[in-house]
Student: 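To start, I am sharing the structure in question, which I have written as structure tokens.
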Amino acid sequence: MSLLKNVGTIGSLTMVSRVAGMAREMIFARVLGANDVTDAWFQALIIPNVFRRLFAEGAFSAAFVPMFSKRLHSKDGEDGLDEARSFSQDVISVFVPVLIALTAIFEIAMPGVIWLLSDKPINPDEFDYAVDFARIMFPYIFLVSVVTLLTGMLNSVSRFGPGASFPIILNAVLIATLLWVEATGGVEQSVEAMGYVVAWAIPVAGVLQLAWLVYWAHVEGFRPRWISRPRLTPEVKRLGIIALPAAIGGGAYQINTLLQVYFLNQLEGSAVSWMNYADRLNQLPLGIIGIALSTAILPTLSKFVGANDKQGAARVQSNAIELGMLLTLPAAVALAICAVPFITMIFQGGRFDAADAAITGNVLAVLVAGLPAYVLVKVLVPSFYARSDTRTPVYAAFAALVVFVGFNVAFLQRFGVEGVAAASAIGAWLNCGILYAVLQARGHYRLDWPLLGRLARQLIAAAAMGAALFYARDLLTEFYAAGLFARLLALGALVACAVVVYFGVAFAIGAVSRERIAIFMKKREPKVS
């Protein structure tokens, strides 16, 4: 299957999820706004997501998928499937009890966790619902971690759809809950009461997501037993040994997330909510492009690295960088130039007013400065994982974390929430630079001049698009806070302007061509020997 087709499958479903997530945040902003309750709600959701990304998505995928895939393909037909089933069952027998214990510990310790994240005087009522929200949502980590395990199994047999689509269920459940809350009470209800109702939607969505992945696992012949005696076999121990460095590396990113909440909590106003709404738009291209590319290139990179085919591995890496930047650079420039208009059109209304939109837009404009770096990190890290090196990304991530913390310690009160966003962007670029420098020093990968030339032309096309948007955005000011139809018209006009100018200039100056698109759409790389 081609790189573009793999990315298209994962990216298109991720796009649906991200768009649904944006619709969810749009409704959330109107129904609940930006206030102490929403800060507590978003903080509560971050806590299980941090541990999900730490233990399940990052470390588990990096270690489990290659080991599972090796057993699945070590023998033909049913024999290989039996070996993979046996290995996954042993992993589940240990994985599930660990998740249950982790959930129980945090349910008990949640008041202390919330206190650590706040570290400042807090109203007792606010503290109570912050703890309640977190306790309601935290069991989601158990459900979604098992979902991630099943996703890894399905990805190993090139069934990418179910794993890429399960986040849509969460967004659908939350949207339905928010609409129901608004229809049954709306402004007459307290924000706190609505927050509790929406909080319960999180574990409900987790149960539905698990049911969805269990169904597809059964379709592919995987029927694990969820309750069984733990079997700490040598292979399960090896999985833990391989996953530990990846978990520590992922820990840097997740510690960054928790520290970001900590720093935001030190600021006046609804800083956690403003950052969340801004990051929703920032995450849209990151999820569609970066995560899709990272998922799609790891198996192919692993194949070339295993065959000691440096040219093949470098070709896959270069194609991923070129495709990633072709799509990310215009997204970053457009979001920076039109940050406040986009936030106003998408989120402003109900309890989310013009002042909230202005601040959130300023945060977004700073945050997207790091968007290309975030995507490049996603594209470069598989080169290390393909070589069974989970340590180097750890060092790069912790270096970025040190810079993030240092910047905020020095400038938090001076720059406020925009400063927290800037620190994230600076850390991302440092992370990216370290990863590339190590790959180059080890002789694994080097940017060649033809690729650098095409990337330079992409920058020129993005700059031309930015200039056009800078002019066009001021012509449509009166539409941004108008009715739904007017907002959609203005949004469509800005997007159309961006697409026409960027790709028009890109084709004209050779930033992209039919030949390059044909390479991205190539059905398979040459066989390795």
Side-chain angles (χ1 to χ4, degrees), residues 18 22 25 29 34 38-39 42 46 253 256-287 289-290 325 328-348 352 354-378 399-433 459 462-463 465-467 469-470 473-474 480 494 498:
R18 299 288 177 169
M22 192 161 60
E25 296 299 307
T38 58
D39 276 8
F42 289 128
I46 284 170
Y253 292 105
N256 186 299
T257 300
L258 292 175
L259 286 173
Q260 183 180 85
V261 172
Y262 172 83
F263 287 124
L264 292 171
N265 277 331
Q266 309 312 304
L267 300 171
E268 297 296 325
S270 303
V272 175
S273 297
W274 294 327
M275 180 65 77
N276 175 81
Y277 293 128
D279 196 45
R280 173 54 57 183
L281 285 181
N282 181 57
Q283 288 288 329
L284 185 61
L286 176 60
I289 303 165
M325 291 301 96
T328 302
L329 289 174
V333 171
L335 287 171
I337 297 293
C338 298
V340 174
F342 283 161
I343 292 293
T344 301
M345 286 185 284
I346 294 169
F347 294 118
Q348 186 176 320
F352 193 86
D356 292 321
I359 296 172
T360 304
N362 292 336
V363 174
L364 175 62
V366 177
L367 196 60
V368 295
L371 181 58
Y374 290 123
V375 171
L376 286 172
V377 167
K378 293 290 185 184
L401 176 62
V402 170
V403 170
F404 174 79
V405 172
F407 186 96
N408 280 300
V409 169
F411 302 113
L412 180 65
Q413 296 304 325
R414 180 177 178 182
F415 295 114
V417 63
E418 290 93 343
V420 178
S424 296
I426 293 169
W429 279 109
L430 176 63
N431 192 349
C432 175
L459 282 170
M465 181 204 70
L469 286 176
F470 187 81
R473 70 176 185 184
D474 294 334
Y480 297 150
L494 290 175

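Note that the structure is predicted; figures quoted are calculated from it, not measured.
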Student: Show, in sequence, the C-alpha distance, side-chain angles and deciding distance for N408 and Q266, and conclude whether the side-chain contact (heavy atoms from CB on, under 4.5 Å) test is met.
Tutor: CA-CA 11 Å; N408 280 300; Q266 309 312 304; over 6 Å; no

Student: Out of curiosity, T344 OG1 to F342 CZ, how far, rounded to the nearest 0.5 Å?
Tutor: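 If we round to the nearest 0.5 Å, T344:OG1 and F342:CZ are 11.0 Å apart.
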
Student: With a 4.5 Å cut-off on side-chain heavy atoms, are M325 and L459 touching?
Tutor: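 The answer is no, as the side chains (C-beta and beyond) never meet within the 4.5 Å cut-off.
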
Student: Check for me whether the distance between the ring centres of F407 and F263 falls short of 6.0 Å.
Tutor: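 No, the ring centres sit 6.0 Å or more apart.
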
Student: Roughly how far apart are D474 CG and L469 CG, rounded to 0.5 Å?
Tutor: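 Rounded to the nearest 0.5 Å, the CG-CG separation comes to 11.0 Å.
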
Student: Would you tabulate the side-chain donor-acceptor contacts of residues 411-430 under 3.5 Å, counting partners in other chains and residues two or more places apart, or write 'none'?
Tutor:
from : atom 1 : to   : atom 2 : distance (Å)
S424 : OG     : Q260 : NE2    : 3.2
S424 : OG     : V420 : O      : 3.2
W429 : NE1    : A369 : O      : 2.9

Student: Verify, without hydrogens or angle tests, whether Y480 (side chain) and R473 (backbone) share a donor-acceptor contact under 3.5 angstrom.
Tutor: yes

Student: What's the spacing between C338 SG and I343 CD1 if we round to 0.5 Å?
Tutor: 11.5 Å

Student: If you define the side chain from C-beta out and look only at heavy atoms, does anything of V261 sit under 4.5 Å from N265?
Tutor: yes

Student: Could you work out, with side chain to side chain donor-acceptor pair (under 3.5 Å) as the rule, every residue matching E25, not counting sequence neighbours?
Tutor: N276

Student: Which heavy atom in N282 sits nearest to a heavy atom in L364, and how many Å separate them?
Tutor: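 N282 and L364 have their closest heavy atoms at N-CD1, 4.0 Å.
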
Student: List the atom of W274, the atom of A34, and the distance in Å for their closest heavy-atom pair.
Tutor: NE1-CB, 4.0 Å

Student: To the nearest 0.5 Å, what is the distance between OH on Y262 and CG on L259?
Tutor: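 If we round to the nearest 0.5 Å, Y262:OH and L259:CG are 9.0 Å apart.
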
Student: How long is the gap from CG on L376 to OG1 on T328, to the nearest 0.5 Å?
Tutor: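 These two atoms lie 7.5 Å from each other.
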
Student: Check the pair M465 / I337 against side-chain contact (heavy atoms from CB on, under 4.5 Å), numbers first and verdict last.
Tutor: CA-CA 10 Å; M465 181 204 70; I337 297 293; over 6 Å; no

Student: Identify the heavy atoms of A278 and T360 that sit nearest to each other, and give their distance.
Tutor: N-CG2, 3.6 Å

Student: With sequence neighbours excluded, what pairs up with T38 under the side chain to side chain donor-acceptor pair (under 3.5 Å) test?
Tutor: S273

Student: Find out whether I346 and R280 are in side-chain contact, i.e. whether some heavy atom of one side chain is under 4.5 Å from a heavy atom of the other.
Tutor: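 SC-SC contact between I346 and R280 ruled out.
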
Student: Any idea which heavy atoms bring P285 and L335 closest together, and the distance?
Tutor: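 Reported closest heavy-atom pair: CG-CD1, 4.2 Å.
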
Student: Shortest non-hydrogen contact from N431 to A400?
Tutor: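 Heavy atoms of N431 and A400 come nearest at CB-CB, 4.0 Å.
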
Student: Check whether any side-chain heavy atom of Q348 lies under 4.5 Å from a side-chain heavy atom of D356, and answer yes or no.
Tutor: no

Student: Once rounded to the nearest 0.5 Å, what's the spacing between atom OG1 of T257 and atom CG of L401?
Tutor: 10.0 Å

